[in-house]
Amino acid sequence: MKRFLNKNILITGSANGIGKATALRIATEGGNLALIDNNSEKLKELCNELSFFPIKFVSAVCDISDYNLVKICIDKLAEELGGLNGLSHNAGILRVYKTLEMNLNQWNELISINLTGTFNVNKHALPWLLKNKTSYLVNTSSSASEQPHPWLAAYAATKGAIKSFTRSLFIEYFQHGLHANCVLPGGITTDLANSFSFPEGVNKELIKTLDPLGQKIYAEPAKAASVIAMLLSEDAEHINGTEIAIDGGKV
Ligand SMILES: NC(=O)c1ccc[n+]([C@@H]2O[C@H](COP(=O)([O-])OP(=O)(O)OC[C@H]3O[C@@H](n4cnc5c(N)ncnc54)[C@H](O)[C@@H]3O)[C@@H](O)[C@H]2O)c1
């Protein structure tokens, strides 16, 4: 299956986890890649892996919370590839705080990377996407936006806002050929998910209620990448303004 031949896809958070798996999936299907991440070492590692694929790829080390830098990077990458057909926006962070103990800097860090970062990336990619008759944009939200979870109030708020933001993009731009959807991962085995640790003194009984199926359900990043790739392809022609959960049924 070569759904991305002659297509240029921008992927943020591409150096690790779900973003990296998505980059490799698109490359396997012949797509060219514009890669953004703030981890230069891991981005270099991905570029080494991609050098074995018969595709074009370009990359930029960029902090997505920096509005002006994001514009410079996206414009440069898009110009180098000759345009953009799709965006998979994955870059994000997870932080775990008891709400009463969270300070303003901690709140603002999550908002500026997860939420303002989403605005920055989408805002600067959109002019490139809308040059095409049809384009595809997939923002990565989270199952935490649906399932209330203690200690994730700020993270969940950013992920809920990403859904609302993406639906708004859909209604504003579908007449220009834009497909704007979200994925809601849960339990994907990445460094981000593995970094989750409970604050001290948590209620263990409460934790059990967060696992309604009675067992831990995990999946490799490639399982999330296959859904994101579908949403970036013409297979998603009739999917717009919605969300797809990738959580094994957890929520
Ligand atoms: N893993 C899961 O189970 C899960 C569940 C729900 C949502 N998500 C979401 O999926 C997305 C990808 O997460 P992942 O699990 O692959 O995590 P990950 O930590 O493996 O990958 C995240 C990538 O984003 C990059 N990044 C972080 N902050 C950045 C910044 N300011 N600028 C540029 N790049 C930045 C990191 O360097 C990293 O390469 C995130 O938005 C996360 O919230 C993941």
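The first residue of the sequence shown is numbered 1, and numbering continues consecutively from there. Computed from a prediction, not measured in an experiment: that's the story for all the values here. Numbering of ligands and ligand atoms starts at 1, following listing order.
- Ligand 1 places these atoms under 4.0 Å from at least one heavy atom of A193: 1 (N), 3 (O).
- The structure places CG of L33 at 8.0 Å from CG of L46, a figure rounded to the nearest 0.5 Å.
- Looking at T140 and N90, their side chains do bring a donor and an acceptor atom within 3.5 Å of each other.
- In this structure, CG on L77 lies 12.0 Å from CD1 on I11, to the nearest 0.5 angstrom.
- The shell of residues lying under 4.0 angstrom from ligand 1, judged by heavy atoms, excludes A224.
- Only the side chain of I113 comes within 4.0 Å of ligand 1, judged by heavy-atom distances.
- The protein non-hydrogen atom at the shortest distance from atom 12 (C) of ligand 1 is N90 O, 3.3 Å.
- Between the side chains of N32 and N8, at least one donor N or O lies within less than 3.5 Å of an accepting N or O.
- Scanning the protein heavy atoms around atom 35 (C) of ligand 1, the nearest turns out to be N38 OD1, 3.3 Å.
- Distances from ligand 1 to the non-hydrogen atoms of D63 include at least one value under 4.0 Å.
- Looking at N114, its side chain never comes within 3.5 Å of a backbone N or O of G92 through a donor-acceptor pair.
- Distance CG/L10 to NE2/H124: 12.0 Å, rounded to 0.5 Å.
- If you check the side chains of K163 and S141, you find no donor sitting under 3.5 Å from an acceptor.
- To the nearest 0.5 Å, atom OG1 of residue T99 and atom CH2 of residue W107 are 8.5 Å apart.
- Set against the non-hydrogen atoms of G187, the atoms of ligand 1 under 4.0 Å away are 3 (O).
- In terms of N/O distances under 3.5 Å, ligand 1 is not approached by S143.
- Less than 4.0 angstrom separates some heavy atom of T140 from each of these atoms of ligand 1: 9 (C), 10 (O), 11 (C).
- Residue, atom and distance of the protein heavy atom nearest to atom 13 (O) of ligand 1 are L192 CD1, 3.9 Å.
- Not a single heavy atom of G117 lies less than 4.0 angstrom from ligand 1.
- Shortest contact from atom 43 (O) of ligand 1 to any protein heavy atom: Y155 OH, 2.7 Å.
- Within the structure, side-chain hydrogen bond (donor to acceptor under 3.5 Å, both in side chains) contacts touching residues 180-193 (residues at least two apart or in different chains) are N16-D191, K42-D191.
- With H179 as the partner, the side-chain contact (heavy atoms from CB on, under 4.5 Å) test is satisfied by one option alone out of I239, L129, T134: T134.
- Atom CZ in F53 sits 4.0 Å away from atom OG1 in T28 (nearest 0.5 Å).
- For the pair K20 and ligand 1, no heavy-atom separation below 4.0 Å is found.
- Separating the OG1 atom in T166 from the CG atom in N240 is a distance of 11.0 Å, to the nearest 0.5 Å.
- Backbone and side-chain nitrogen or oxygen atoms of G186 are examined, and none is located within less than 3.5 angstrom of a nitrogen or oxygen of ligand 1.
- Taking every non-hydrogen atom of I18 and a distance limit under 4.0 Å, the qualifying atoms of ligand 1 come out as 10 (O), 16 (O), 44 (C).
- For ligand 1, the atoms sitting less than 4.0 Å from at least one non-hydrogen atom of G17 are 16 (O), 20 (O), numbered in the order shown with element in parentheses.
- The single protein non-hydrogen atom nearest to atom 27 (C) of ligand 1 is G92 O, 3.6 Å, given as residue, atom name and distance.
- Classification of R167 and E243 as a salt-bridged pair holds, one side-chain N sitting under 4.0 Å from a carboxylate O.
- Looking at N114 against ligand 1, nothing comes within 4.0 Å, counting heavy atoms.
- For atom 15 (O) of ligand 1, the nearest non-hydrogen atom of the protein is T190 OG1, 2.5 Å.
- Counting heavy-atom neighbours within 6.0 Å of E234 CD, excluding the residue itself, gives a total of 12 or less.
- In terms of protein heavy atoms, atom 39 (O) of ligand 1 is closest to D37 OD2, 2.6 Å.
- At least one N or O atom of N16 sits closer than 3.5 Å to an N or O atom of ligand 1.
- Of the protein's non-hydrogen atoms, C62 O, 3.2 Å is the one closest to atom 33 (C) of ligand 1.
- Ligand-side atoms of ligand 1 in range of N39: 37 (O), range being under 4.0 angstrom from any heavy atom.
- Not a single heavy atom of A144 sits less than 4.0 Å from an atom of ligand 1.
- The ligand atoms of ligand 1 that sit less than 4.0 angstrom from a heavy atom of S142 are 6 (C), 7 (C).
- At a heavy-atom distance under 4.0 Å, atoms from both the backbone and the side chain of I188 approach ligand 1.
- Salt bridge K7/E29: absent, no basic N to carboxylate O contact under 4.0 Å.
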